[in-house]
Student: 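Pasting a structure below so you can have a look.
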Amino acid sequence: MTPGVRPLIAGNWKMNGTLAEAIDLARAVAAGEAPGVDLLVCPPFPHLVPVAGALLKSEVALGAQDCHAAASGAHTGDVAAPMLADLGARYVILGHSERRADHGESDAIVRAKAEAALSAKLVPVVCVGESEAQRLAGEAEAVVATQLAGSLPDGFAAAGGVVAYEPVWAIGTGRTPTEADIAAMHARIRAELQRAFGEAGSKLRILYGGSLKPGNAKAILALPHVDGGLIGGASLKAADFLAIATAY
Ligand SMILES: O=C[C@H](O)COP(=O)(O)O
């Protein structure tokens, strides 16, 4: 963790669950307690409105998993950032490796989407991370630095933007980098944020994502510059999600 920075524990529900399951999950998370920690859940688009309703009387924030770079227009099947803000979302995940892979999202596209999010007063959660081949080649930090340089827009720091480091090979696999490797990468991301945004970059939240579970959360979340987590699989069980959130 970074001294003086309030941790963020975010659940990325990806493309999972029925509507009834989403509402039950949201209610269970809302009923939990994680003192000193910000909680965020990011359901699939069709579940955003009912989940917003389930979270109404709680402190748990709502986020989406993507937005379009344009504020409106002829983009069949897409969702604009102002629409998300309108229904109560406060955050939007952008540039997740699954979107980079499934939809060919480049750093430039992610940056354009982040600009749209900022314009709509949404906090972007910009994901970066290397492939296994890149890590084995010793390129992990350089790859992530390039992604950050290409993906983060002006105004990112002023809006309290969030970076999520997610090694692609650790997502949904049960594998994680060593604690030393996570700490080294988060230190590098911190240095890049400070280079880009000056002092404001010192306090931006840097999340770790990739097979974060109740069993490894305490050790990983205690590392320097790890200011929370972006959680996939384990966020689909309220007990596991809350166990991670209370691991500090
Ligand atoms: O956005 C979340 C990440 O992709 C991590 O997913 P995971 O916790 O299932 O490995």
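Note that ligands are numbered from 1 as they come in the structure, with each ligand's atoms numbered from 1 the same way. Note that the structure is a prediction, hence the values are computed from the model and not measured. Side-chain atoms are counted along with the backbone in the values below, which use heavy atoms only and exclude waters and symmetry mates.
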Student: Look at the aromatic rings of Y165 and H186 and report parallel, tilted or perpendicular, splitting at 30° and 60°.
Tutor: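 Y165 and H186: perpendicular rings.
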Student: Within a distance under 4.0 Å of any heavy atom of G172, pick out the atoms of ligand 1 and give their elements.
Tutor: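 That gives atoms 7 (P), 9 (O), 10 (O) of ligand 1.
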Student: Tell me: protein heavy atom nearest atom 9 (O) of ligand 1, and distance?
Tutor: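 The protein heavy atom lying closest is G233 N, 2.8 Å.
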Student: For atom CD of E59, is the number of surrounding heavy atoms from other residues, nucleotides or ligands below 6.0 Å larger than 12?
Tutor: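 Open: at most 12 neighbouring heavy atoms sit under 6.0 Å from CD of E59.
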Student: Of all heavy-atom pairs between C127 and L230, which one has the smallest distance, and what is that distance?
Tutor: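 Heavy-atom minimum between the residues: SG-CD2, 3.8 Å.
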Student: Taking atom 4 (O) of ligand 1 as the point of reference, which of K213, R175, K14, Q65 owns the nearest heavy atom?
Tutor: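 Shortest heavy-atom distance from atom 4 (O) of ligand 1: K14.
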Student: Any idea which protein heavy atom is nearest atom 2 (C) of ligand 1, and the distance to it?
Tutor: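 Checking every protein heavy atom, the shortest distance to atom 2 (C) of ligand 1 gives E166 OE2, 3.0 Å.
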Student: Using a plain distance cutoff, I'd like to know if A234 has any nitrogen or oxygen under 3.5 Å from a nitrogen or oxygen of ligand 1.
Tutor: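 No, no N or O pair falls under 3.5 Å.
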Student: May I have all residue pairs that pass salt bridge (charged side-chain N to carboxylate O under 4.0 Å, His left out) and include part of residues 153-177, sequence neighbours excluded?
Tutor: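 Pairs touching residues 153-177 that pass the test: E132-R175.
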Student: Run the numbers for me: atoms of ligand 1, each under 4.0 Å from some heavy atom of G210, listed by number.
Tutor: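 So the atoms of ligand 1 that pass are 5 (C), 10 (O).
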Student: Do any nitrogen or oxygen atoms of E98 lie less than 3.5 angstrom from nitrogen or oxygen atoms of ligand 1?
Tutor: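 No, there is no polar N/O contact under 3.5 Å.
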Student: Could an N or O of ligand 1 be found under 3.5 Å from any N or O of G209, whether backbone or side chain?
Tutor: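 For ligand 1, there is no N or O atom that lies under 3.5 Å from one belonging to G209.
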Student: For R99, is there an ion pair with D66 - N to carboxylate O distance below 4.0 angstrom?
Tutor: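 Salt bridge flag = yes for R99 with D66.
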Student: Any nitrogen or oxygen of T173, main chain or side chain, under 3.5 Å from a nitrogen or oxygen of ligand 1?
Tutor: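 The answer is no, given that T173 and ligand 1 share no N or O pair closer than 3.5 Å.
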Student: Which atoms from ligand 1 have a heavy atom of S211 less than 4.0 Å away?
Tutor: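 In order of number, 7 (P), 8 (O), 10 (O).
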Student: Salt bridge between E192 and R188, side-chain N to carboxylate O under 4.0 Å?
Tutor: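 Salt bridge: yes.
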Student: Where does N12 meet ligand 1, judged by heavy-atom distances below 4.0 Å: at the side chain, the backbone, both, or neither?
Tutor: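 Near ligand 1, N12 shows its side chain, while the N, CA, C and O stay back.
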Student: Does the pair E105/R100 count as a salt bridge with the N-to-O cut at 4.0 Å?
Tutor: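 No, no charged N to carboxylate O under 4.0 Å.
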Student: Looking only at protein heavy atoms, identify the closest one to atom 8 (O) of ligand 1 and say how far it is in Å.
Tutor: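 Checked against all protein heavy atoms, atom 8 (O) of ligand 1 sits closest to G232 N, 2.9 Å.
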Student: OG of S97 to CD of Q147: how many Å apart, nearest 0.5 Å?
Tutor: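 It is 9.0 Å, given to the nearest 0.5 Å.
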Student: Give the atoms of ligand 1, by number and element, whose distance to some non-hydrogen atom of I171 is under 4.0 Å.
Tutor: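 Answer for ligand 1: 4 (O), 6 (O), 10 (O).
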Student: Hey, is R205 close enough to D38 for a salt bridge, meaning N to O under 4.0 Å?
Tutor: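 Yes, charged N to carboxylate O under 4.0 Å.
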